[in-house]
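Read through the structure below, which is laid out as structure tokens, and then see the notes.
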Amino acid sequence: MSTVRTRFAPSPTGMLHVGGARTALFSYLEARRHGGQFILRVEDTDRERSTDAAVQAILDGMAWLGLEHDEGPFFQTQRFDRYRQVAHELLAAGKAYHCWMSKDELEAMRADQEARGLKPRYNGYWRDRKETPPAGVTPVIRFKNPLHGDVVVDDRVRGRVTFDNAELDDLIIWRSDDSPTYNFGVVVDDADMAITDVIRGDDHLNNTPRQMNIYAALGKPIPRFAHLPMILGPDGAKLSKRHGAVNVLGYREDGFLPAALLNYLVRLGWSHGDQEIFTMAEMIELFSADEVNHSASRFDVEKLRWLNQHYLKTLEPALIAPELRWHLARIGLDPHSGPAAEDLLIALRERVHTLAELAERARVWFDPLTQYDDTAVAKHLTAAARVPLQAAHTALAGVSAWSALAVHDALNAAAQSLGLGLGKVAQPLRVAITGTQVSPSIDHTVYLAGQREALKRIDAALAKLPA
RNA sequence: GCUCCCUUCGUCUAGCGGUCAGGACGUGGCCCUCUCAAGGCUAAAACACGAGUUCGAUUCUCGUAGGGAGCGCCA
């Protein structure tokens, strides 16, 4: 069997959204699983709506996710000569024809058809007509779709879907502005690039019979198709900005890890028994387009958040640290002036779901402590806190090699010698260090402050105590 | 309107004629505990509806209802 070749072919009219990302992921996995190639192609034939910024956004999104392509990116705008050549071959072979019907005429015809409850479509007026073309109209080129018979799509996810050629019309393959249309461009590209598996959103299922007819006219082998169900918003409506981030890079800004987003996406419409957690290696080994579900699924941020925390907790801190620094810098903290990103990760990863939250919670160890929570102070910075705080100060001042473990030992010893539970020492100390009642375990909370700053904050707290 | 597609807990899903309909997220409870979490245990929670096939349907067939997509000189 020839090698598997898949492609991801977004049109650069916006950002890389989660639906596109999943399509890309599935295509990527299918190629990797078979040791084949994954190709990136930018479908920018719509010169009106395509932008360079969108191209860059898609490239950046793919790079962030780590979905590396083996070939490309190819740009359709750079292949116009090829499309033109193929269109003219079709013309010469009598498999396509010029159509001089104006846009206005077309529109009037469609309006009339709709008024009569019919499916709006081209009536084939110029298909076999030999009359003199009207002056002042630049013709388009239409494909001669077969008039009769069925087209059967053997879809890898949908199964066997049959279309009646009588339902199809002669689609335009070449515009009057001298550019190719989508349905024509994809076929030429997929054929030229020897794509074996077309994996795309199911909004393309209805285009498939037309495309198959073009393959046939071209004498090219027809690839296998897999049409993926779409991803909806939490409310079941089409995913939009209203639902939060739709742009993949927006998830980065919200503090998600690529591993989490990828893992979440792979489980949308696909599963492997009861398994929820998949490494990239496992996805590649286990994924198959043949096992994809038929129905649309909703995007559930809560589950994504759970997965993200899972990866925060299990991935090597050193691996995540660079991404955390990116977030720290993003909220105005200098990643190199405060605690190490790795230490912050260890102390906070069980308490947050995203790196954005983590960075925000890390703020207390970067900025000077000026804000104290009133309730926390009232409850814990009482006269009774004097002795424990002083003991903590003494114990911490005596630590020679500053580490979370050393802090832990020092504090426990101090509490024990006072005959107090650790809570009696930890809570006042927690308020002293953070100004609040909530923080990571007391040893990490103190450790992250650094020895000098910790002692300084205890002194400040001691000064606030009632006499 | 026409064509095509879809339908299991709130959500993601397992199931492939006989199951107490399983797991996960979320939610409630309990345990653990220096706060908050994390973790462990536990509870509630689903086969859209109606026929048919069958000894037996969540599972197969057909309808109904409800959702979605397409019908562009957009992709």
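In the text below, chain A, chain B and the rest are named by the order of the sequence lines, each starting its count at 1. Note that these values count all heavy atoms, side chains included, but never hydrogens, waters or copies made by symmetry.
Checked options A/D155, A/D154, A/D197; the residue passing with A/R224 is A/D197 (criterion: salt bridge (charged side-chain N to carboxylate O under 4.0 Å, His left out)).
Residue-to-nucleotide contacts include no donor-acceptor pair under 3.5 Å from the side chain of A/R158 to the base of B/C5.
Base pairing annotation: B/G1 forms a Watson-Crick or G-U wobble pair with B/C71, both donor-acceptor distances under 3.5 Å. The base-pairing partner of B/A51, taking Watson-Crick or G-U wobble contacts with both distances under 3.5 Å, is B/U61. Base-pair partner of B/U27: B/A43 (Watson-Crick or G-U wobble, both distances under 3.5 Å). Across all strands shown, nothing is found opposite B/A21 as a Watson-Crick or G-U wobble partner with both distances under 3.5 Å. Base pairing of B/C34 is not made with any nucleotide, judged by Watson-Crick or G-U wobble geometry with both donor-acceptor distances under 3.5 Å.
Nucleic acid contact class of A/N293 (heavy atoms, under 4.0 Å, all strands): sugar-phosphate only. Across all strands, A/S441 comes closer than 4.0 Å to base atoms (heavy-atom distances). Here A/P234 lies out of heavy-atom contact (under 4.0 Å) with every strand. Backbone-only contact: A/E43 has heavy atoms under 4.0 Å from sugar-phosphate atoms and none from a base. A/Q275 comes within 4.0 angstrom of no nucleic acid atom, judged by non-hydrogen atoms across all strands. Across all strands shown, A/K424 has no heavy atoms under 4.0 Å from either base or sugar-phosphate atoms. A/G421 comes within 4.0 angstrom of no nucleic acid atom, judged by non-hydrogen atoms across all strands. Residue contacts for A/T162: at a heavy-atom cut-off of 4.0 Å it reaches the sugar-phosphate backbone alone, with no base atom in range.
A salt bridge links A/E360 with A/R363: the closest approach of a Lys/Arg side-chain nitrogen to an acidic carboxylate oxygen falls below 4.0 angstrom. Using a 4.0 Å cut-off between a side-chain N of Lys or Arg and a carboxylate O of Asp or Glu, A/D189 and A/R7 do not qualify as a salt bridge. Salt bridge annotation for A/K303-A/D300: absent, with no cationic side-chain nitrogen under 4.0 angstrom from a carboxylate oxygen. Salt bridge annotation for A/E114-A/R110: absent, with no cationic side-chain nitrogen under 4.0 angstrom from a carboxylate oxygen. Look at A/R41 and A/D190 and you find a salt bridge, because one of the NZ, NE, NH1 or NH2 atoms lies within 4.0 Å of a carboxylate O, short of that distance.
Atom CG of A/L422 and atom P of B/C36 are 14 Å apart (whole Å). The distance between atom CG of A/D164 and atom P of B/C4, rounded to the nearest whole Å, is 9 Å. A/Y311 places its OH atom 18 Å from the C1' atom of B/A38, with the value rounded to the nearest Å. Rounded to an integer number of Å, the gap from A/H294 NE2 to B/C6 C1' is 9 Å. Taking atom CG on A/N263 and atom P on B/C12, their separation rounds to 17 Å, with Å as the unit. Rounded to an integer number of Å, the gap from CG of A/L345 to P of B/A38 is 16 Å. Nucleotide B/U11 holds its C1' atom 13 Å from the CG atom of A/L307, rounded to whole Å. One interatomic measurement links the two molecules: CG of A/N412 to C1' of B/U33, which rounds to 13 Å at whole-angstrom precision.
When the P atom is compared between B/C4 and B/U8, the two are found 22 Å apart, to the nearest whole Å. Annotation: B/C5 and B/A46 have their C1' atoms spaced 23 Å apart (nearest Å). Here, B/G23 and B/C16 have their P atoms 16 Å apart, quoted to the whole Å. Taking the C1' atom of each, B/G67 and B/C25 are spaced 24 Å apart, rounded to whole Å. As rounded to the nearest Å, B/A21 and B/A57 have P atoms that lie 15 Å from one another. The same atom, C1', is picked in B/A43 and in B/C20; the two are 16 Å apart, to the nearest Å. Distance check on atom P: B/C6 versus B/A48 gives 15 Å, rounded to whole Å. With both ends at atom C1', the span from B/A44 to B/G1 equals 46 Å, rounded to whole Å.
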>> For A/L268 and A/S297: C-alpha separation, side-chain torsions, deciding distance, then whether side chain to side chain contact (heavy atoms under 4.5 Å, CB included) applies.
In response: CA-CA 6 Å; A/L268 233 41; A/S297 42; 3.4 Å; yes
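The aromatic rings of A/H444 and A/Y447 sit perpendicular to each other, their planes meeting at more than 60°, with 30° as the lower class boundary.
Applying the ring pair (Phe, Tyr, Trp, His ring centres under 6.0 Å) test to A/F26 and every residue at least two apart in sequence or in another chain returns A/F287.
Under the 6.0 Å distance and 45° angle rule, A/R84 does not count as a cation-pi partner of A/F80. Under the 6.0 Å distance and 45° angle rule, A/R142 counts as a cation-pi partner of A/Y122.
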> Going 5' to 3' along nucleotides 19-31 of chain B, which nucleotides have protein heavy atoms under 4.0 Å from the base (write B), which only from the sugar-phosphate (write S), and which from neither (write -)?
Replying inline: ---BBBS------
>> Output one letter per nucleotide in nucleotides 58-73 of chain B: B when a protein non-hydrogen atom lies under 4.0 Å from the base, S when only the sugar-phosphate is that close, - when neither is.
In response: ----------SBBBSB
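Contact annotation: A/S271 side-chain N/O to B/A14 OP1/OP2 distance is under 4.0 Å.
Where A/F299 and A/R160 meet RNA chain B, the nucleotide closest to each residue was compared, and A/R160 sits on the side nearer the 5' end. Checking A/Q309 against A/G269, the closest nucleotide of RNA chain B that is more toward the 5' end is the one next to A/G269.
Judged by distance alone, with hydrogens and angles left aside, the side-chain atoms of A/Q451 form a donor-acceptor pair with the main-chain N or O of A/L396 at under 3.5 Å.
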